[in-house]
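A quick note: this is a predicted structure, and the numbers were derived from the prediction, not measured. Below, chain A is the first sequence line, B the second, and so on; all start at residue 1.
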Protein chains: 2
Amino acid sequence: MNPSIEALQAFAEVAARGSFSAAARALGKSQSTLSESVANLEIDLGVRLFDRTGRLPVLTPEGVSLLARTRQVLDSVDVLKRHAAELSIEGVEPRLTLVLSDTFQSTSLERFITLFAERFPDVELEFLFGEEDDVLHLVDEGRAQLGFIAARPHYPATLAHQRLDAESRIGVFAAKSHPLVKAGVTSHPELSRYRELRLGTYLQGGGAGKTGLSWSSPSYLMLLEMTRIGAGWAELPEWLVENYGGDMLQQLDIPGWPRSVRVDMVWSRRSRPGPALAWTLQRLSSGGQHDNAGDDQ
Amino acid sequence: MNPSIEALQAFAEVAARGSFSAAARALGKSQSTLSESVANLEIDLGVRLFDRTGRLPVLTPEGVSLLARTRQVLDSVDVLKRHAAELSIEGVEPRLTLVLSDTFQSTSLERFITLFAERFPDVELEFLFGEEDDVLHLVDEGRAQLGFIAARPHYPATLAHQRLDAESRIGVFAAKSHPLVKAGVTSHPELSRYRELRLGTYLQGGGAGKTGLSWSSPSYLMLLEMTRIGAGWAELPEWLVENYGGDMLQQLDIPGWPRSVRVDMVWSRRSRPGPALAWTLQRLSSGGQHDNAGDDQ
DNA sequence: GTTCATTATCGGTTTTTCCGATGGTATCCA
DNA sequence: TGGATACCATCGGAAAAACCGATAATGAAC
């Protein structure tokens with residue numbers, strides 16, 4: 001037989017107030033209910049929880065011990081109820097999936113994560129990584145709710161987008177030991193004689209257009225790694241090279257590079273953003289640093 | 001309104017089996033009960049837990065999220081019930097209080113603690129520290145269930161005792177920088193001209209008998225500390241000096257010292273030892289190293 | 001000793017839980 | 001296409017539990 005949650009609440013309240021009557025008043029129930037409820041709980045558990053010889057009930061040692069576990073039960077019930085209320089009344093999403101791009105600097109992400117954990121402790125955060133078309137695809141099909149992508153002029157009609165303040169610089173890099181560094185390559189045509197390590201998405205199978213000389217990976221981090229070991233040259237975000245490139249990479253002085261790219265957030269128009277997504281959009285679109293940007297609702 | 005534990009069990013079971021009927025069979029209830037139970041839970045929480053369009057119910061994203069919390073509730077309920085069963089059926093004590101003496105080597109204690117934690121995970125272990133009469137007093141008045149004390153020939157009639165295998169050597173120590181070390185004291189009468197740092201219990205107020213020249217503390221560790229800073233000489237367990245004395249103490253060569261003292265366990269005769277205490281007595285009295293010493297019940 | 005607050009117990013009502021039966025429906029197989 | 005099967009939701013009724021108000025007993029305080 002399972003104890004009822006009401007009985008557990010009664011037990012905890014009586015223990016806390018030291019009196020059946022006071023606990024009854026606190027819980028808005030009658031004294032007799034509490035008395036019977038606790039008595040039944042004692043029968044249920046097979047343990048005498050209170051010493052009732054005196055005027056007021058006193059916890060037995062067993063009662064003290066079981067009270068601790070009872071509180072754990074009640075706490076977990078509260079968590080459950082609170083989360084359910086968020087889901088139903090406020091309509092908060094059970095989880096939020098973000099597709100991150102290495103174009104998007106991860107430093108500004110740390111602040112966001114801690115704030116999000118405070119504001120939505122019950123929402124599961126899921127991170128995916130992807131670049132370019134993969135981002136759009138994941139968001140469009142609903143696998144992710146929010147994506148970050150190197151800004152482009154046009155987006156599918158089903159996607160909303162917003163440009164972020166931050167901009168990211170993309171340069172052309174090669175390992176210092178790579179032949180093209182010694183050869184002093186300074187133009188793009190020359191570059192194309194060497195192997196390019198380029199971003200390849202999951203979507204387009206085996207590189208349409210550029211083939212043969214180029215290798216591809218869907219992750220900037222793996223491109224960086226391959227560049228480090230001298231497998232070729234690559235377009236890489238500068239911040240990524242600064243943080244993870246060590247001293248082994250050399251930025252190439254090519255006309256038109258490094259380029260400054262802006263980052264866009266994209267999300268689906270198909271359904272109205274839930275509270276967690278809306279909050280996230282607000283926070284990130286206003287730059288994140290000034291919190292007083294009049295962002296209610 | 002609180003959800004009932006039965007309903008939460010039903011929810012978890014349906015989610016686990018993927019079918020109301022299967023869950024009903026598993027829980028020994030009727031299918032209609034489970035169906036209604038979960039339906040009411042959904043109303044209670046205000047959240048749709050299952051998608052019922054197909055033949056079998058499928059968890060909604062919200063359901064997945066709430067299922068995790070529900071499992072936590074059920075787990076904590078299981079802990080509560082298990083602990084209650086131990087307390088009631090097996091009569092396990094809610095907590096066990098030991099009075100440790102620094103005479104008792106703490107190395108053999110570590111093994112005991114880990115084994116105890118395995119065998120009685122729900123029993124609270126409380127440690128007190130005391131020496132001599134304090135130990136007897138705490139055990140006799142029920143504040144502690146088991147005490148360790150330097151062996152003595154007679155004990156109060158209300159206390160049972162058992163000699164342990166291990167023996168502890170007590171020597172006379174002083175700081176190497178203390179005058180009596182340089183003076184080359186070799187007999188007890190000479191010693192008495194210097195300040196003694198002696199064990200003083202909580203019981204006997206301000207040192208009956210030896211006064212004036214002696215300072216006292218109820219803890220060997222504090223005596224050790226005072227000896228180290230050169231406040232006087234003291235009788236100390238050798239193992240304590242070895243472990244915590246550093247190189248600052250000198251053992252004095254006094255006739256009759258160091259003494260070998262045995263350690264006794266003492267417990268009350270007033271009530272039959274509970275399972276946890278009985279287990280502890282068995283384990284410690286047989287030395288702790290050979291586990292096959294025929295100790296059942 | 002009297003008064004006050006507290007607890008246990010008892011009858012009765014309301015609510016919840018549970019069951020069996022029933023009907024509707026998706027899935028599978030002939 | 002049609003039948004068999006397993007599944008689910010719903011309904012009425014029975015059993016159990018929760019809850020209340022009233023009452024009597026008891027410890028504490030004055």
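- Near DNA chain D, meaning a heavy atom under 4.0 Å away, the residues from residues 2-21 of chain B are B:Ser19, B:Phe20, B:Ser21.
- Under the 4.5 Å side-chain criterion, counting only non-hydrogen atoms from C-beta, A:Arg82 is not in contact with A:Asp78.
- Between the side chains of B:Ser219 and B:Ser217, no donor N or O sits under 3.5 Å from an acceptor N or O.
- A:Leu8 is not listed as a side-chain neighbour of A:Val77, based on a closest heavy-atom distance of 4.5 Å or more.
- For A:Asp51 and C:dT6, the CG to P distance is 18 Å, given to the nearest whole Å.
- Among residues at least two apart or in separate chains, ring-ring contact (aromatic ring centres under 6.0 Å, His included) pairs with a member in residues 4-48 of chain A are A:Phe11-A:Phe50, A:Phe20-A:Phe50.
- Comparing atom distances between the A:Arg52 side chain and each of C:dT6, C:dT7, C:dA8 picks out C:dA8 as nearest.
- Looking at heavy atoms from C-beta onward, A:Leu125 lies out of side-chain contact with A:Phe120 at the 4.5 angstrom threshold.
- Heavy-atom contacts of chain A under 4.0 Å fall on DNA chain D between two terminal nucleotides, which in 5' to 3' order are D:dA17 to D:dA28.
- Put simply, A:Arg25 has a side-chain N or O that comes within less than 4.0 Å of OP1 or OP2 on C:dT6.
- Bending across the helix from C:dG1-D:dC30 to C:dA30-D:dT1, expressed as the angle between its end axes from five pairs apiece, amounts to 30° (10° rounding).
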Where do N or O atoms of nucleotides 11-14 of chain C meet protein N or O atoms at under 3.5 Å, pair by pair?
none

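- Put simply, CZ on A:Phe50 is 15 Å from P on C:dT6, counting in whole angstrom units.
- Remark: the B:Ser30 side chain and the C:dG20 base include no donor-acceptor N/O pair separated by less than 3.5 Å.
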Considering only nitrogen or oxygen atoms on both sides, find all protein atoms under 3.5 Å from nucleotides 22-29 of chain C and state each distance.
residue	atom	partner	partner atom	Å
C:dA26	N3	B:Arg55	NH1	3.2

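- Take A:Asp140 and apply the salt bridge (charged side-chain N to carboxylate O under 4.0 Å, His left out) test, not counting sequence neighbours, and it matches A:Arg270.
- Take B:Arg55 and apply the salt bridge (charged side-chain N to carboxylate O under 4.0 Å, His left out) test, not counting sequence neighbours, and it matches no residue.
- Here the shortest heavy-atom pairing between A:Ala157 and A:Arg269 reads O-NE, 3.1 Å.
- By the salt bridge (charged side-chain N to carboxylate O under 4.0 Å, His left out) test, A:Glu36 is found to be paired with no residue, residues two or more places apart in sequence or in another chain being considered.
- Using a 4.5 Å heavy-atom threshold, the side chains of B:Glu6 and B:Lys29 count as touching.
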Donor-acceptor contacts under 3.5 Å from residues 141-152 of chain B side chains, at least two apart:
residue	atom	partner	partner atom	Å
B:Arg143	NH1	B:Glu126	OE1	3.1
B:Arg143	NH2	B:Glu126	OE2	2.9
B:Gln145	OE1	B:Thr97	N	2.7
B:Arg152	NH1	B:Asp133	OD1	3.2
B:Arg152	NH2	B:Glu132	OE1	2.7
B:Arg152	NH2	B:Asp133	OD1	3.4

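- Taking the salt bridge (charged side-chain N to carboxylate O under 4.0 Å, His left out) definition, one finds that A:Asp264 meets it with A:Arg163, sequence neighbours left out.
- Between A:Ser285 and A:Met265, the closest side-chain pair of non-hydrogen atoms falls below 4.5 Å.
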Contacts table for residues 85-94 of chain B: side-chain donor-acceptor under 3.5 angstrom, sequence neighbours left out:
residue	atom	partner	partner atom	Å
B:Ser88	OG	B:Ala84	O	3.3
B:Glu93	OE1	B:Ala276	N	2.9
B:Glu93	OE2	B:Leu277	N	2.9

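- Considering every non-hydrogen atom in both B:Leu34 and B:Ala10, the closest pair reads CD1-CB, 3.5 Å.
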